[in-house]
2 protein chains.
Amino acid sequence: MARGEERRADKRRGANAPEGDARQAGAANLIAVLVAVTPGEQGPAEPMVLAIRGGTTLPSGPFQLRHRSLQAGLRGWVESQTHHPLGYVEQLYTFADADRGADRAGHVVSISYLALTREGPLAGADEPEWRGWYEYFPWEDRRGGGKLVAEAIAPRLAAWAEAGDGAEGDGAARRRRAALLFGLDGMPWHEELALQRYELLWEAGLVAESRQHAAAGPMPGLAMVGDHRRILATAISRLRAKIKYRPVVFELLAPAFTLLDLQRCVEAIAGRAMHKQNFRRLIEQQDLVEETGAMARETGGRPAKLFRFRRAVLEERAVAGTKVGVTRG
Amino acid sequence: MARGEERRADKRRGANAPEGDARQAGAANLIAVLVAVTPGEQGPAEPMVLAIRGGTTLPSGPFQLRHRSLQAGLRGWVESQTHHPLGYVEQLYTFADADRGADRAGHVVSISYLALTREGPLAGADEPEWRGWYEYFPWEDRRGGGKLVAEAIAPRLAAWAEAGDGAEGDGAARRRRAALLFGLDGMPWHEELALQRYELLWEAGLVAESRQHAAAGPMPGLAMVGDHRRILATAISRLRAKIKYRPVVFELLAPAFTLLDLQRCVEAIAGRAMHKQNFRRLIEQQDLVEETGAMARETGGRPAKLFRFRRAVLEERAVAGTKVGVTRG
DNA sequence: CCGATCAATGCTCGAAGGGAGCATAAGATG
DNA sequence: CATCTTATGCTCCCTTCGAGCATTGATCGG
């Protein structure tokens, strides 16, 4: 499994550093995936990511000596580039690029972070802006059903598997992997496999960043600079997994919210719709929230109670999450 | 939560880099937590970690320009230091130390890895040897009941909480956290919280590495150089969590094994005993293994069937693990 | 050869968790 | 008032999983 990951990773970024060079690699880079969720009036919410330079790039900057710690460095850079404060922060993954910056002959170690906030005003030189997750990964949003996968992706993956039949690739293995990751042939869809899906599309030449492209061109979805879209996929996978066993959604919500607000937020992140009544049961039986006493009137229907997150659960319980249930409800 | 982690981390390693220094931090270091499990004839198995220099240090080395990737660098260093090949490898965490190496004025970025193997011959200049996990974390082994926690740790944590009552610390919060992490007051024990437990003991001054020690001296358990014991705790937490949803145990077992071998291995890692019949049921219903046809005769009782891991499951299923069940067995 | 002991294996019971759906309540709207 | 929309309560039922009981095959001391 890990070996597979490594193999794929090596395939992805060329291993072209001079052999036998014993100098130590230097230069650390910090990259942030800043996530917020736009409530969305009377409809689904949208998960957003902060990008710069026309949506092509994630905010980042070098780790400097003045920084007390990696996280402090990250906060500093993001706040200077975007004028936006960071809330919850979690390390994602560290990787090494073979000398991307041309001036310094060496690897750059990049340390990526996931950060959760609420949307806010942006400012900065590099045109920071909030972009929807699903502009980059349209196939990851299945709240309206998985049409894109069924209609556009499945056939192209089939073609890719077909192409592997003669070569070393083993078409059957390709088909199994595609079915597993994209929920084909009646297999279930696992939202937290976003990264693996992106990697498969990369291998299949179906994204713009691929080494070699499939004849029919890339899938819909905005590309990003370098590995950035891959890092975003990592963040999505991580957050989708984490939301199930840790109460992190609340970092993305307003202080007071209705249960439907909460559900829409979770659905936005998970990329799929959920059964309303069961969702409520889940939340309530876990004592994650408490009533504020006030009501929300602009629901479009019967007024809903407003809740707030019970911060106490963070220290009360080791494991407590928003066990995301399934269902198309 | 993340903020809490960061706060604690800042407390742990002093933030004493010169302020305002805008030079870029350099030098990346790779650290490996190499894990194996000794079968243990007719009894419990023992999880082992590879350490050097008298068991005080984890194998590590600088990331060099000649390395194609971080993992390749790690494999190179470990194999040269220990003459031991790495199997499954997974990244753990990256952190920055404020200039530990005196010669270079800068941070060192350390990237830690977890690697799983089987025990094998060792060789190298720095006295590599296999050491038991639980030499470093005696309280994490509850296969024989949690006596150490109940008798030695609980009272000292109580004292620590007591001490917080007057100060800013809030004794009640300390008590809650201790009870939560160490399963006091009838709370359940969560084996995957090994890291958090170590951090709490660190804060309470109960381990040798603590900034300031409690009057009665540290808890039993070998200390390590710098942050290394903390990294080991991270590895333990990660592996204990992972084992539940991914079939990684098999990396630690011989190619053919009995179900009891498998159970003992899982118990060794999880640090607690499990219900035998339910364990079998779990393994079998998941189709993780297949019979080899041979039998093991030296069981001490009725001969057991030998099994092998069905490698196919790695590509058949997205999520499949050894859902560790509880029970004292 | 017999009985004791130690594991391996098979099976059953019962509580808890979680997927689905029915039914009712309470505002907004025309 | 009829209808639409969302909020909320509650029931059913199947699967999962913690706990035990019971039996089967070997080994070993008498």
Side-chain angles (χ1 to χ4, degrees), chain A residues 39-45 188-189 244-245 256-264 266-267 270 272-307 319-329, chain B residues 39-45 188-190 244-245 256-264 266-267 270 272-289 291-307 319-329:
Chain A
E41 296 302 328
Q42 304 301 359
W189 173 268
K244 291 184 191 166
Y245 63 96
F257 48 84
T258 68
L259 291 182
L260 186 58
D261 290 338
L262 175 57
Q263 181 178 349
R264 289 220 184 93
V266 173
E267 289 178 332
R272 69 175 188 201
M274 292 157 40
H275 186 262
K276 189 190 256 187
Q277 295 94 316
N278 290 346
F279 183 85
R280 309 175 111 262
R281 176 174 64 186
L282 220 49
I283 299 298
E284 283 168 342
Q285 81 187 11
Q286 287 187 115
D287 279 320
L288 287 175
V289 298
E290 62 191 1
E291 301 181 14
T292 66
M295 303 285 279
R297 310 215 147 241
E298 350 65 48
T299 58
R302 172 173 164 180
K305 288 179 187 165
L306 281 173
F307 293 84
V319 279
T322 313
K323 306 179 191 163
V324 184
V326 216
T327 322
R328 342 145 215 121
Chain B
E41 297 302 328
Q42 303 302 359
W189 173 269
H190 293 283
K244 291 182 190 167
Y245 63 97
F257 48 85
T258 68
L259 291 182
L260 185 57
D261 290 338
L262 176 58
Q263 182 177 350
R264 287 221 185 93
V266 172
E267 288 179 333
R272 69 176 188 200
M274 291 158 37
H275 183 189
K276 189 191 261 191
Q277 297 93 316
N278 290 346
F279 183 85
R280 308 175 111 263
R281 176 174 62 185
L282 220 48
I283 299 298
E284 284 169 342
Q285 80 187 12
Q286 287 188 116
D287 278 321
L288 287 175
V289 298
E291 302 181 14
T292 65
M295 304 284 280
R297 314 221 143 235
E298 350 66 49
T299 58
R302 173 174 165 180
K305 289 178 187 165
L306 280 173
F307 293 84
V319 280
T322 313
K323 307 180 191 163
V324 186
V326 218
T327 322
R328 321 132 234 137

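Just so it is clear: chains get the letters A, B, ... in the order the sequence lines come, proteins before strands, and each one is counted from 1. Quick note: numbers below take in every heavy atom, side chains included, and nothing from hydrogens, waters or symmetry partners.
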Closest non-hydrogen atom pair, B:T258 against B:A304: CG2-CB, 3.8 Å
Does B:V266 reach the side chain of B:Q263, with side-chain heavy atoms less than 4.5 Å apart? no
From the options D:dT8, C:dA7, D:dA19, select the nucleotide whose nearest atom is closest to the side chain of B:N278. D:dA19
Mind checking ring-ring contact (aromatic ring centres under 6.0 Å, His included) for A:F307 and listing every partner two or more places apart, or none if nothing turns up? none
Taking only the side-chain heavy atoms of A:R281 (C-beta and beyond), determine which of D:dT6, C:dG19, D:dG18 contains the nearest atom. C:dG19
Take the protein atom CZ of B:F279 and the nucleotide atom P of D:dC17, then report the distance between them rounded to whole Å. 13 Å
Find the distance between CD (A:E267) and NZ (A:K276) and round it off to the nearest 0.5 Å. 9.5 Å
Base, sugar-phosphate, or nothing: which does A:L259 touch, judged by heavy atoms less than 4.0 Å apart? nothing
What is the distance from CD of A:Q277 to P of C:dG18, rounded to the nearest Å? 16 Å
If I take atom CG in residue A:L306 and atom C1' in nucleotide D:dT6, what distance separates them, rounded to the nearest angstrom? 14 Å
Rounded to the nearest 0.5 Å, what's the gap from CZ on B:R272 to NE2 on B:H190? Could you check? 9.0 Å
Here the pair of heavy atoms bringing A:R264 nearest to A:A45 is O-CB, 3.8 Å
Can you tell which of C:dA20, C:dT9, D:dC17 lies closest to the side chain of B:L282? D:dC17
Take atom CD of A:Q285 and atom P of D:dG9, then tell me their distance rounded to the nearest Å. 14 Å
How many whole angstroms separate atom CZ of A:R280 from atom C1' of C:dA25? 12 Å
Could you check how far CZ of B:F257 sits from P of C:dA8, rounded to whole Å? 14 Å
Below 4.0 Å: OP1/OP2 of D:dA7 and any side-chain N or O of A:K276: yes
How does each nucleotide of nucleotides 23-30 of chain D score, in 5' to 3' order, for protein heavy atoms under 4.0 Å: base (B), sugar-phosphate only (S), or none (-)? -BBS----
Please report, rounded to the nearest Å, how far the C1' atom of C:dT9 is from the CD atom of B:Q263. 13 Å
Measure the distance from NE2 on A:H275 to C1' on D:dC12 and round it to the nearest whole Å. 12 Å
Checking B:L259 against B:E284 for the side chain to side chain contact (heavy atoms under 4.5 Å, CB included) test, could you report, in this order, the C-alpha distance in whole Å, the side-chain angles of both residues, the deciding distance, and whether it holds? CA-CA 10 Å; B:L259 291 182; B:E284 284 169 342; 3.9 Å; yes
